[in-house]
Protein chains: 2
Amino acid sequence: MTSGAGTLDEASEAYPRIQRRTLHDEVLERMRDMIIEGTLAPGQRINEGLIGAQLGVSRTPLREAIKTLASEGLVEIQPAKGAIVRKFSSADMRNILEVLKNLEQLGGRMACEIASDETIAAIRALHDAMMEQYSVRNRLEYFKLNQAIHSAIVAASGNDVLVEMHGTLQARIKRLRFIGNEGPEKWAGAVAEHETMIESLEKRDVEALMEVIRLHMDSTRLRVWDVL
Amino acid sequence: MTSGAGTLDEASEAYPRIQRRTLHDEVLERMRDMIIEGTLAPGQRINEGLIGAQLGVSRTPLREAIKTLASEGLVEIQPAKGAIVRKFSSADMRNILEVLKNLEQLGGRMACEIASDETIAAIRALHDAMMEQYSVRNRLEYFKLNQAIHSAIVAASGNDVLVEMHGTLQARIKRLRFIGNEGPEKWAGAVAEHETMIESLEKRDVEALMEVIRLHMDSTRLRVWDVL
DNA sequence: TATAATTATGCTGCATACAGAATACTTGCC
DNA sequence: GGCAAGTATTCTGTATGCAGCATAATTATA
């Protein structure tokens, strides 16, 4: 190692390398959004030529993105027929939520142990912002913050792999969750659970946190039930 | 639904639709194996032209497979530079095993509750076969059965999503685990833990099973430690 | 001889071309 | 009019071509 290396490391910390974005990445992100927003509805076939033209991209990077989406479980590929946006059965939903519950519990447990006060305060800030959006009934922003909180708790575990797995599963049910929270009474219930979650985390009360995560996930299943 | 539908369903159950295998699938499988076997070593750059020629395939399906591998976390893509086989740090290892432990515990817990006696007997059979390979020191076959047992326990939970997540993570550390079990004393330790696992499952003793899975995963970390 | 600048090569990212399968359409027949 | 067979069209799967970036090789310079 020469003396130059140190300087380079310092620089790379201050100015993180900007990573080139390929069309693959761009398309991938766009299509994820389209699925979550419902522009691409569950069960719908994905016409490569059409979507490609729509996004102004050739079929090559688009197909690569589709393969990634398939790996993430958001679309299903039927050879020689094409890809369709994946439809989740109630059994799928139950399975996803069961695993998600466990992952969040693991994340929560670790967060209680190792998260700094600042980290927890940041999560509280997200929660407050969410409540703000709730009070003005801005459902979209509320929803985004809601998701962000769940992610933040898991992230506070410091376990990247956990974050990744959680993110994958969360993406699968994102849309259903969004539709599911439609009724006001359902919405209120979710808000109350969230309040308890934050409090437990602040107190670093693992038992209480485990319980409320369990409750939150189980009631999510009920909230989403009639959507599928 | 017409009367014909019933016949079709029956037929499709008896003779499951053969699914066309695309080059993408084929290449994907091959490359996974190559990574696990070490033909593609961690950190090694993947030359598309080279591998393509080697497999007798054009770059298109190969690139698609690489994108999938990246999504599975087995390779890393650096835009305009290419893909490299992912290198796992000891922190990565710890994170993966932590999540894997939790997933297997969840699977084990559910298996104790809902698995049929036949299912458990089948797992016992796998275990016996594994012990057979152990006694003749056939490390490769032993290893495959070992992995199969872990997968089977998780599969006995009946939760597809859990199986999928478990499989993804298991794939990431497959190679390290294989190398890690090299010393005879390490090997023996793992075998003993497995024996306890099966017994706990047969007794449907959840607590004992949770404990041995915890032990098994933690000691796996130690066994693998010096490999990286 | 070591280093910097410059050229040359190789490889990736993307677009396009083509073959074959799947689907939609049309025509003929009952 | 409804169904079957045959034809046409669309779309996927794969290969290939080309531009641009990254790296290796080469030359120039101190």
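In what follows, every chain begins at residue 1, and chains take the letters A, B, ... in the order their sequences are listed.
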Considering residues at least two apart in sequence or located in another chain, which fulfil the salt bridge (charged side-chain N to carboxylate O under 4.0 Å, His left out) criterion with [X]?
{"X": "A:Arg124", "value": "A:Asp128, A:Glu195, A:Glu202"}
{"X": "B:Glu48", "value": "B:Arg59, B:Arg63"}
{"X": "B:Arg109", "value": "none"}
{"X": "A:Arg21", "value": "A:Glu26, A:Glu29"}

Spell out, as yes or no, whether a donor-acceptor pair under 3.5 Å connects the side chain of [X] to the backbone of [Y].
{"X": "A:Thr220", "Y": "A:His216", "result": "yes"}
{"X": "A:Glu64", "Y": "A:Pro61", "result": "no"}
{"X": "A:Arg32", "Y": "A:Ala171", "result": "no"}
{"X": "A:Asn146", "Y": "A:Phe143", "result": "no"}

Anything under 3.5 Å between a protein N or O and an N or O of nucleotides 16-19 of chain C, put it in a table, one pair a line.
residue : atom : partner : partner atom : Å
C:dT16  : O4   : A:Thr60 : OG1          : 3.2

Legend entry - Strand-adjacent residues in residues 63-73 of chain A, judged by heavy atoms under 4.0 Å from DNA chain C: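 Residues of residues 63-73 of chain A under 4.0 Å from DNA chain C: none.
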Check nucleotides 20-23 of chain C for protein N or O atoms closer than 3.5 Å to its own N or O atoms and list the pairs.
residue : atom : partner : partner atom : Å
C:dA22  : OP1  : B:Arg20 : NH2          : 3.4

Legend entry - Distance-only polar pair, side chains of B:Thr68 and B:Ser71, donor-acceptor under 3.5 Å: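 There is no such pair (donor and acceptor under 3.5 Å, judged by atom type) between the side chains of B:Thr68 and B:Ser71.
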Inset, instruction - Answer yes if the side chains of B:Gln170 and B:Ser151 hold a donor-acceptor pair under 3.5 Å, and no otherwise. - result: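 Note: B:Gln170 and B:Ser151 side chains meet the donor-acceptor criterion.
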Legend entry - For atom CG of A:Leu55 and atom P of C:dA15, their distance in whole Å: 11 Å
Legend entry - Atom pair distance, as rounded to whole Å: CD in A:Glu48 and C1' in C:dC14: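 It is 15 Å, rounded to the nearest whole Å.
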Inset, instruction - Kindly calculate the angle separating the two end axes of the helix from C:dT1-D:dA30 to C:dC30-D:dG1, each obtained from five base pairs, and round it to 10 degrees. - result: 0°
Show me, pair by pair, the donor-acceptor contacts under 3.5 angstrom made by side chains of residues 158-166 of chain A, not counting sequence neighbours?
residue  : atom : partner  : partner atom : Å
A:Asn159 : OD1  : A:Val161 : N            : 3.0
A:Asn159 : OD1  : A:Leu162 : N            : 3.0
A:Asn159 : ND2  : B:Asn95  : O            : 3.3
A:Glu164 : OE1  : B:Arg172 : NH1          : 3.2
A:Glu164 : OE1  : B:Arg172 : NH2          : 3.3
A:Glu164 : OE2  : B:Arg172 : NH2          : 2.5
A:His166 : NE2  : A:Glu104 : OE2          : 2.8

Inset, instruction - Identify whether any heavy atom of A:Leu50 sits under 4.0 Å from a base atom; if not, whether one sits that close to sugar-phosphate; answer base, sugar-phosphate or nothing. - result: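 Nothing, no heavy atom under 4.0 Å.
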Inset, instruction - Using the six-membered ring wherever Trp is involved, compare the ring planes of A:Tyr142 and A:Trp187 and label them parallel, tilted or perpendicular (cut-offs 30° and 60°). - result: perpendicular
Legend entry - Outermost nucleotides of DNA chain D that come under 4.0 Å of a non-hydrogen atom of chain B: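 Nucleotide range with atoms under 4.0 Å of chain B: D:dT14 to D:dT23.
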Inset, instruction - Flag this pair as yes if the NZ/CZ of B:Arg175 is under 6.0 angstrom from the six-membered ring centre of B:Phe88 and inside a 45 degree cone about the axis; otherwise no. - result: no
Inset, instruction - Sequence neighbours left out, what pairs pass ring-ring contact (aromatic ring centres under 6.0 Å, His included) with at least one residue falling in residues 32-81 of chain A? - result: none
Inset, instruction - Can you sort out the partners of B:Arg214 under side chain to side chain contact (heavy atoms under 4.5 Å, CB included), two or more places apart, ordered by chain and number? - result: B:Lys101, B:Gln105, B:Glu211, B:Asp218
